[in-house]
Enquirer: 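Once you've had a glance at the structure underneath, I'll fire off some questions.
Given the structure is predicted, the values throughout are model-derived calculations rather than measurements.
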Amino acid sequence: MRSGVLVSTRTALAGATGNALVMGVAEVSTPLGWVLLPGLLGVSTRPRVAALISAWAAVLLAASVVVPVVPGHRADPWALGASVASLAAVPLLAWARRRRGERAVARVPAPRDVAVFTMPAGTGRAALAVCRAPGEVAAAVPLRRGGLRVLLGVAHGATLARPEHTRALESAFRDEALRGGGSLPRAAGALDGLVRDIAPGGYLAATLVEVSPEGRVTLLRCGGPDATAHAGDGTRPVDLPDAGPLGLTGTATSVAEAPAGTRRLAVAPAAGPHRPTEEALRAPRAADAVVALTRRPGGGRRTGPALVVDLPPERPA
């Protein structure tokens with residue numbers, strides 16, 4: 001799980017190429033001019049992509065030295081050494097950036113058949129439970145200043161429910177959630193297209209959740225799961241417009257906000273009467289509540305994924 005804003009591979013490659021062309025035409029020969037932009041683009045993406053950007057920038061740099069049609073990077077050994085060292089450091093910096101984001105997510109003790117992770121959620125905390133039942137899709141992306149975006153869903157259809165395909169959906173959500181200017185409808189649209197590409201006969205029933213740094217919670221329901229709010233005076237379902245399962249309908253465009261005064265919000269597949277949800281939402285800790293939400297009425301294998309968001313009693317407007 002990562003934080004920050006990611007640059008797409010295509011954008012980063014285009015930026016590195018454009019930078020080399022501009023530097024060559026402008027007759028810039030300093031290492032800084034040739035390495036600075038590729039370096040910034042590299043640390044703004046995934047470590048593997050950062051390595052690709054560094055390698056491509058090195059190829060362009062070498063071409064400017066070996067084939068000096070337009071004056072380019074200096075062939076001075078010290079200049080080349082500085083550039084090579086800088087480009088080699090970019091993937092390491094990208095990896096360190098990713099690790100910092102992952103440290104915001106902590107795995108906490110839980111029963112053996114469920115994995116529970118806690119993380120910042122605006123002005124409060126959140127807990128995510130994953131049972132890895134067939135077709136489960138779950139991803140949480142911490143953002144800057146405590147923001148959070150979460151995907152919870154179940155893939156339907158033998159092809160779409162395969163582990164490699166559910167992982168692809170989770171990865172696509174993470175990448176889209178981290179893009180600057182992204183939104184829940186945009187993330188849903190990206191997932192909708194991926195579902196159609198992977199398995200035209202399958203669909204994804206999912207709910208997307210966003211917690212702003214100020215603690216405002218917005219949700220987008222695409223066929224499920226359900227959301228329930230607790231405000232100290234009881235629990236009640238959140239009235240979410242259903243945009244329809246991803247892969248079967250057009251791109252979702254509407255979102256809903258959690259009710260005012262919400263102290264605890266739960267998002268989980270409907271699993272029977274409301275009593276288990278009410279008991280779970282009264283648990284002392286979010287981690288305990290989310291474990292309770294995965295328990296099927298009457299026992300049996302747990303089902304998920306499930307999310308519980310705890311917010312302070314008073315939130316900024």
Side-chain angles (χ1 to χ4, degrees), residues 1-3 98-143 146-155 161 163 166-167 169-171 173-174 177 204-211 217 219 224-230 235 238 258 262-312:
M1 299 178 184
R2 305 182 289 269
S3 63
R98 176 176 180 175
R99 292 293 295 173
R100 283 197 301 271
E102 289 176 340
R103 282 197 291 269
V105 180
R107 185 165 181 172
V108 299
R112 286 192 307 171
D113 54 352
V114 58
V116 177
F117 304 88
T118 62
M119 64 214 73
T123 52
R125 298 283 295 179
L128 173 68
V130 181
C131 306
R132 283 305 171 203
E136 274 192 13
V137 178
V141 184
L143 306 175
L148 178 69
R149 286 180 181 166
V150 184
L151 163 69
L152 302 105
V154 178
T166 57
R167 286 194 297 267
L169 292 170
E170 293 166 353
S171 179
F173 174 78
R174 293 188 186 100
L204 176 65
T207 295
L208 283 63
V209 183
E210 179 176 276
V211 185
V217 182
L219 307 101
D226 295 325
T228 305
H230 175 66
T235 62
V238 178
T262 296
R263 298 277 300 277
R264 175 172 281 178
L265 180 79
V267 183
H274 288 294
R275 183 175 300 171
T277 301
E278 293 174 1
E279 293 174 356
L281 288 178
R282 293 190 177 95
R285 300 187 309 154
D288 298 328
V290 81
V291 169
L293 285 173
T294 64
R295 190 178 300 118
R296 291 178 183 269
R301 184 174 183 177
R302 293 181 184 274
T303 183
L307 173 75
V308 169
V309 179
D310 274 351
L311 298 167

Enquirer: Do you know which two heavy atoms are closest between A161 and T166, and how far apart they sit?
Expert: O-CG2, 3.9 Å
Enquirer: Out of curiosity, R295 CZ to T303 OG1, how far, rounded to the nearest 0.5 Å?
Expert: 13.0 Å
Enquirer: Over all heavy atoms of both residues, which pair between R174 and A138 is shortest? Give the atoms and the distance, please.
Expert: NH2-O, 4.3 Å
Enquirer: With sequence neighbours left out, write down each residue that passes salt bridge (charged side-chain N to carboxylate O under 4.0 Å, His left out) with R167, or none if nothing qualifies.
Expert: none
Enquirer: What heavy-atom pair brings T207 and P225 nearest, and what distance separates the two atoms?
Expert: OG1-O, 2.6 Å
Enquirer: Considering only residues two or more places apart or on different chains, which pairs with a residue in residues 283-292 satisfy salt bridge (Lys or Arg N to Asp or Glu O under 4.0 Å)?
Expert: R285-D288
Enquirer: Between R302 (side chain) and V291 (backbone), is there a donor-acceptor pair under 3.5 Å?
Expert: yes
Enquirer: Indicate the atoms forming the closest heavy-atom contact of P120 with R125, along with that distance.
Expert: N-NH1, 3.4 Å
Enquirer: Look at the side chain of E170 and the backbone N and O of V137, then say whether any donor-acceptor pair between them is shorter than 3.5 Å.
Expert: no
Enquirer: Quick one: are L128 and L152 in side-chain contact, heavy atoms under 4.5 Å?
Expert: yes
Enquirer: Would you please name every residue forming a salt bridge (charged side-chain N to carboxylate O under 4.0 Å, His left out) with E136, sequence neighbours left out?
Expert: none
Enquirer: Looking only at heavy atoms, which two atoms of L311 and A121 are closest? And how far apart?
Expert: CD2-O, 4.0 Å
Enquirer: Do you know the tightest heavy-atom contact between R149 and A177?
Expert: NH1-O, 2.7 Å
Enquirer: Within the structure provided, determine whether V217 and V209 are in side-chain contact (heavy-atom separation under 4.5 Å).
Expert: yes
